[in-house]
Engineer: 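Mind having a look at this structure? Questions to follow.
Just follow the structure's listing: the first ligand is 1, and inside any ligand the first atom is 1. Source: prediction; values computed, not measured.
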Amino acid sequence: MTDKPKRFPLSLSSIAQKPSRAGQRAEPVRSAGTRVATPQTATLNASRHVPAKIPVTDAARSAPPVRQANAAAVSEQRPSPMVSEAVRKAMVTRVAKQGVKDQKVLAALEAVPRHLFMEPALRSQAYIDASLPIGYHQTISQPYIVARMIEILRNNNNGGALNRVLEIGTGCGYQAAVLSLVAKEVYSIERIKGLHELAKTNLRPMRVANIRLHYGDGMLGLPQVAPFDGIILAAAGMEVPQALLDQMAIGGRLIAPVGDRRQVLQLIERVSKFDWNSTTLEDCHFVPLRPGTLS
Ligand code: SAH
C-alpha cells in the first residue's frame, strides 16, 4: 500500500506567480489597500454581489484557462501586479501591523495565492485586506481575521501544534488552504453545494493533501472524525452549537464570531470533559451561520 500522504507535499507558494518586473508595479493595489481599512465588510460585500456572475456553473468550471492555469503562465500572457508575491507580502506586512504576531501564520498567509480563490473580475482586489464576494451572498474572509483566528487557535498548550482542525464554512476554500499549512489535518464543512464545489475546484490544482471537504450542516460538526484540537467558525451564530463544543478535544480551542448586528470573536477552551472556558475578544463582522443545507 502506498504511504499516507505527507503533510502538504506541494507548497502552495509553488503555484503562485514568481516575482516579475510587472509584479513590481504594485502601486495601484497598494494604494487601494490603504484606502480600504480594517472594518470587516463581509455582509456588505456579500449583499453587493450579483450571484449570476460568479463562475460556479459547470460551464464556467470546465472553462480551463483560469482555475487550472499555472499562475506564472497566466502572468506571462497578461502581466499583472495583482498576482505578484510582492503584493501579497505587502498585505501580510499590513496584517502584521494590525497585531498578528505568529510567524507561522504570517508565513502561511504569504504562501497562499488568495487571488486564485476569487473570480477573475475581483482578482485585482485580492490583496486588499477586505472580505469580498464569492457568490451565493457569501464572502471570502478578510486576511486579517483569517490570520487572527488561526493565531488564536495556535496559542494553545501544545506549543502551537494543531493536529486535527475543523472549519465551519468552507466558502471558496481560502481559509482551509491557510489552515492546511499550520495543521496536520483540516476538515471543512460547507452548507451551500455550489460553494463546496467551488472550493474543490479551487483547491484541486493546489494539490493540498491534508484537507477534507464536506458538504453538510456544519452546526452538527463531524462527530465521526472528532475530537478536534481546533475548531474555527467562518460564520456568526447567536451562540456556538453544543455539538461543536462536544467535539472539542480536552485542551482544544474553538474560535467563533458570535452575535447578530454586533459580533464579537469568542474563544472557547475545553478544560475538562464537562468544563469549557469562554473569553470574548475583539469585534468582528461575518456572514450568518445558518442551519441545514442548500443544494
Ligand atoms: N472560510 C471562507 C469564508 C466563507 S464565508 C474563506 O476562506 O473565505 C462563510 C461560509 O459559511 C459561507 O460559505 C456559508 O455558506 C457558510 N456557512 C454558514 N452556515 C453554515 C453551516 N451551518 N454549515 C456550513 N457552512 C456554513
Side-chain angles (χ1 to χ4, degrees), residues 12 40-47 49 51 54 56 91 105 108-109 112-119 122 125-150 153 165-183 186-203 206 208 211-223 230-244 247 255-258 260 263 265 284-295:
L12 282 165
Q40 290 165 46
T41 47
T43 307
L44 192 66
N45 283 337
S47 67
H49 172 65
I54 296 294
V56 290
M91 177 194 82
V105 175
L109 209 63
V112 176
R114 190 174 188 247
H115 61 282
L116 296 183
F117 291 83
M118 305 178 52
E119 66 165 312
L122 286 174
Q125 299 173 59
Y127 297 110
I128 293 171
D129 189 25
S131 56
L132 291 162
I134 53 171
Y136 303 89
H137 302 285
Q138 308 302 322
T139 54
I140 181 170
S141 296
Q142 179 198 13
Y144 163 75
I145 204 75
V146 168
R148 180 79 184 114
M149 289 171 89
I150 299 176
L153 275 195
V165 170
L166 175 66
E167 178 193 35
I168 312 301
T170 317
C172 59
Y174 171 68
Q175 179 169 265
V178 178
L179 276 169
S180 75
L181 293 171
V182 303
V186 178
Y187 292 82
S188 183
I189 313 177
E190 173 55 55
R191 67 182 289 272
I192 299 176
K193 190 70 186 275
L195 287 177
H196 166 72
E197 297 296 336
L198 175 67
K200 278 205 277 189
T201 305
N202 287 341
L203 289 165
M206 298 179 195
V208 190
I211 298 181
R212 300 282 175 272
L213 299 181
H214 290 255
Y215 165 58
D217 180 357
M219 292 170 81
L220 308 175
L222 278 180
I231 300 184
I232 188 161
L233 282 82
M238 292 311 291
E239 59 184 12
V240 175
Q242 182 65 41
L244 298 181
Q247 290 172 35
I255 181 87
V258 175
D260 185 8
Q263 299 173 5
L265 277 187
C284 57
H285 198 168
F286 280 80
V287 294
L289 185 71
R290 299 210 191 278
T293 55
L294 281 181
S295 53

Engineer: List in chain and number order the residues that pass side chain to side chain contact (heavy atoms under 4.5 Å, CB included) with Ala147, two or more places apart in sequence or in another chain; answer none if no residue qualifies.
Structural biologist: Val95, Val100, Val105, Leu109
Engineer: Please tabulate protein-ligand N/O pairs under 3.5 Å for ligand 1, atom names and distances to 0.1 Å.
Structural biologist:
| from | atom 1 | to | atom 2 | distance (Å) |
| --- | --- | --- | --- | --- |
| ligand 1 | 1 (N) | Glu167 | OE2 | 2.9 |
| ligand 1 | 1 (N) | Gly169 | O | 2.8 |
| ligand 1 | 1 (N) | Thr170 | O | 3.4 |
| ligand 1 | 7 (O) | Gln175 | N | 2.7 |
| ligand 1 | 8 (O) | Ser141 | N | 2.6 |
| ligand 1 | 13 (O) | Glu190 | OE1 | 2.7 |
| ligand 1 | 13 (O) | Glu190 | OE2 | 3.4 |
| ligand 1 | 15 (O) | Glu190 | OE2 | 2.6 |
| ligand 1 | 19 (N) | Arg290 | N | 3.0 |
| ligand 1 | 22 (N) | Asp217 | OD1 | 2.9 |
| ligand 1 | 22 (N) | Arg290 | O | 2.6 |
| ligand 1 | 23 (N) | Gly218 | N | 2.7 |
| ligand 1 | 25 (N) | Arg191 | N | 3.3 |

Engineer: Show me, pair by pair, the donor-acceptor contacts under 3.5 angstrom made by side chains of residues 167-176, not counting sequence neighbours?
Structural biologist:
| from | atom 1 | to | atom 2 | distance (Å) |
| --- | --- | --- | --- | --- |
| Glu167 | OE1 | Ser188 | OG | 2.6 |
| Glu167 | OE2 | Gln175 | NE2 | 2.8 |
| Thr170 | OG1 | Ser188 | OG | 2.7 |
| Thr170 | OG1 | Ile189 | O | 3.3 |
| Thr170 | OG1 | Glu190 | N | 3.4 |

Engineer: Indicate the atoms forming the closest heavy-atom contact of Val258 with Met238, along with that distance.
Structural biologist: CG1-O, 3.3 Å
Engineer: Looking only at non-hydrogen atoms, find the nearest pair between Phe286 and Ala234 and report the distance.
Structural biologist: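 Minimum heavy-atom contact is CD2-O, 3.2 Å.
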Engineer: Taking salt bridge (charged side-chain N to carboxylate O under 4.0 Å, His left out) as the test, write out the residues that go with Lys200, two or more places apart.
Structural biologist: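 Partners of Lys200 under the salt bridge (charged side-chain N to carboxylate O under 4.0 Å, His left out) test: Glu197.
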Engineer: Angle between ring planes, His115 versus Tyr127, binned at 30° and 60°: parallel, tilted or perpendicular?
Structural biologist: perpendicular
